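Given the structure is predicted, the values throughout are model-derived calculations rather than measurements. Numbers restart at 1 for each chain; the letters A, B, ... are given by sequence-line order, proteins then strands.
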Number of protein chains: 2
Amino acid sequence: MPRDGTITRTTIMDSAQSLILGQGFSATSVDKVIEQAGITKGAFFHHFKTKADLALALVERYANLDQAHLDMNLVRAEELARDPLQQMLIFIGLLKEEMAGLTEPFPGCLYASFCYEAQLFDDNTHTVIQNMMLEWRRRLSSKFVDIIDLYPPKLDIAPESLADMALVIYEGAFILSKTLKEPVTTAEQLGHYRNYVELLFETPAE
Amino acid sequence: MPRDGTITRTTIMDSAQSLILGQGFSATSVDKVIEQAGITKGAFFHHFKTKADLALALVERYANLDQAHLDMNLVRAEELARDPLQQMLIFIGLLKEEMAGLTEPFPGCLYASFCYEAQLFDDNTHTVIQNMMLEWRRRLSSKFVDIIDLYPPKLDIAPESLADMALVIYEGAFILSKTLKEPVTTAEQLGHYRNYVELLFETPAE
DNA sequence: TTAAACATACCGACTAGTTGGTTTGTTTAA
DNA sequence: TTAAACAAACCAACTAGTCGGTATGTTTAA
């Protein structure tokens with residue numbers, strides 16, 4: 001077996017990601033990454049053709065984890081209930097519980113980090129992020145379409161924008177949580193999202 | 001009095017801010033700023049002792065505008081209604097209408113931009129941002145306390161986290177809007193926030 | 001079995017250009 | 001005349017990326 005470079009590659013990516021979430025991509029120099037990773041420039045540019053290539057690899061890995069995370073929680077919710085509204089409420093509850101136990105703010109989202117340095121990245125990198133945001137929209141709005149069918153909502157709402165709200169809450173809560181150093185914010189805000197869905201579709205007591 | 005440098009200073013800050021919202025603070029070199037502003041390095045470092053000094057000046061100006069914006073819309077809402085719930089719904093409606101007419105995504109929020117490059121800035125800069133976030137929380141949660149007094153909410157909620165939701169929606173919606181290049185997102189999401197408040201406190205039909 | 005040929009992983013000095021910041025001097029208006 | 005407002009040349013440190021070389025394996029053919 002050849003020397004396994006996947007460990008080195010993973011170490012580089014882990015180091016880079018934690019640096020990027022703290023100081024942004026631009027300020028995360030290759031020198032800082034290799035120092036953090038404990039390797040050399042030769043090793044870095046063996047694994048990544050350019051620094052932009054690292055950025056792409058990072059968002060691809062992040063999006064893959066995000067996809068798996070989305071799939072897993074949707075499947076779990078669908079296993080725990082048959083009714084689409086119950087599934088959605090359970091799904092949001094699962095997301096909330098993940099964030100509820102944090103003792104320090106979530107380190108942040110790579111999508112948001114790259115969003116405010118967007119002009120530094122190429123189209124491939126942007127597309128990966130856009131597609132993953134659209135995937136959240138597709139998956140959740142499809143569920144909301146089923147819900148609207150069964151439970152006439154109290155207000156006229158578009159399922160896509162209701163689906164978007166999940167990511168909106170995540171991204172916004174991360175920013176407040178990081179800035180104010182309050183770990184509970186994200187779980188609290190996901191709780192409001194769940195409340196909103198509940199109130200929108202609940203059948204009035206008769 | 002010698003030449004009036006306030007125009008130059010403003011031009012520098014405007015150029016810097018638009019560059020920062022597109023590519024982040026770190027990638028926004030002083031050279032790029034002075035090129036965009038059409039001035040020289042001498043002028044730049046006459047007005048700002050360091051690049052970090054520019055960052056502080058930018059967030060201070062941004063926070064002052066934010067404060068005025070918050071004040072103005074709260075006053076307008078209080079002029080248009082006496083009931084605190086109606087005031088809050090009008091207030092959110094005013095924010096929504098500001099965003100509803102955009103033909104391209106809002107350029108973004110300086111708080112969020114700095115949040116993901118946080119380690120580059122000093123405590124003064126952070127404090128300005130934190131104080132403005134806490135100001136939003138104070139002002140809106142005070143209103144929500146009044147609302148809760150008058151309209152027993154359907155669910156048990158903390159007024160602070162309900163107040164935080166305004167900024168959360170803003171910051172999150174900006175990120176989706178910028179990434180997906182969809183200008184309507186922010187107004188849509190503020191609409192959901194208004195819906196949520198409405199549903200939480202509405203008096204059930206009898 | 002063995003050794004030559006090859007492939008991958010990695011090292012670290014080097015380069016051309018950029019970075020924030022300084023220095024020295026000039027222009028402008030009161 | 002004076003002091004703020006600006007210009008332009010300059011600097012040391014840092015930037016991403018290159019390149020020749022080495023170390024450690026795998027494959028192939030006799």
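Look at NZ on A:K51: it is 12 Å from C1' on D:dG17, rounded to the nearest Å. Between the P atom of D:dA7 and the CD1 atom of B:I39 lies a distance of 7 Å, rounded to the nearest Å. Rounded to whole Å, atom P of D:dT15 lies 10 Å from atom CD of A:Q23. Distance, A:F48 CZ to C:dC10 P: 11 Å, rounded to whole Å. In this structure, A:D53 places its CG atom 13 Å from C1' of D:dG17, rounding to the nearest Å. One can place CZ of A:F44 at 17 Å from P of D:dC19, the figure rounded to the nearest angstrom. Distance A:K49 NZ to C:dC10 C1': 20 Å, rounded to the nearest Å. Remark: C1' of C:dT24 and NZ of B:K41 are 16 Å apart, rounded to the nearest angstrom.
Nearest to the side chain of B:A43, among D:dC6, C:dG21, C:dC10, sits D:dC6.
For A:D53 and A:T50, the side-chain atoms include no donor-acceptor pair closer than 3.5 Å. For B:D164 and B:S161, the side-chain atoms include no donor-acceptor pair closer than 3.5 Å. Checked by atom type, the side-chain pair A:E60/A:N64 shows no donor-acceptor distance below 3.5 Å.
Of the residues listed (B:T185, B:L94, B:L95, B:N195), the one engaging B:L190 in a side chain to side chain contact (heavy atoms under 4.5 Å, CB included) is B:L95, and it is the only one. With B:Y62 as reference, B:Q17 is the one residue of B:M13, B:Q17, B:Q67, B:M132 to meet the side chain to side chain contact (heavy atoms under 4.5 Å, CB included) rule.
Residues A:R138 and A:E135 are paired through a salt bridge, judged by an N-O separation under 4.0 Å between the basic side chain and the carboxylate. The existence of a salt bridge linking A:K154 and B:E198 is excluded, since no basic side-chain nitrogen approaches an acidic carboxylate oxygen closer than 4.0 Å.
In terms of phosphate contacts, A:H46 brings no side-chain nitrogen or oxygen within less than 4.0 Å of OP1 or OP2 of C:dC10. Note on B:H47: every side-chain N or O is 4.0 Å or more away from OP1 and OP2 of D:dA4. Contact between the side-chain N/O atoms of B:T8 and the OP1/OP2 oxygens of D:dC6 is found at a separation under 4.0 Å.
For the pair A:K96 and A:Y193, the cation-pi test (distance below 6.0 Å, angle within 45°) is failed.
Looking at heavy atoms from C-beta onward, B:C115 lies out of side-chain contact with B:E171 at the 4.5 angstrom threshold.
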Exercise. Quick one: the dot-bracket string of DNA chain D, using Watson-Crick and G-U wobble pairs with both distances under 3.5 Å, [ ] for crossing pairs and | for bases paired to another strand.
Key: ||||||||||||||||||||||||||||||
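Listed by residue number, the members of residues 29-36 of chain B with any heavy atom below 4.0 angstrom from DNA chain C are B:S29, B:V30, B:D31.
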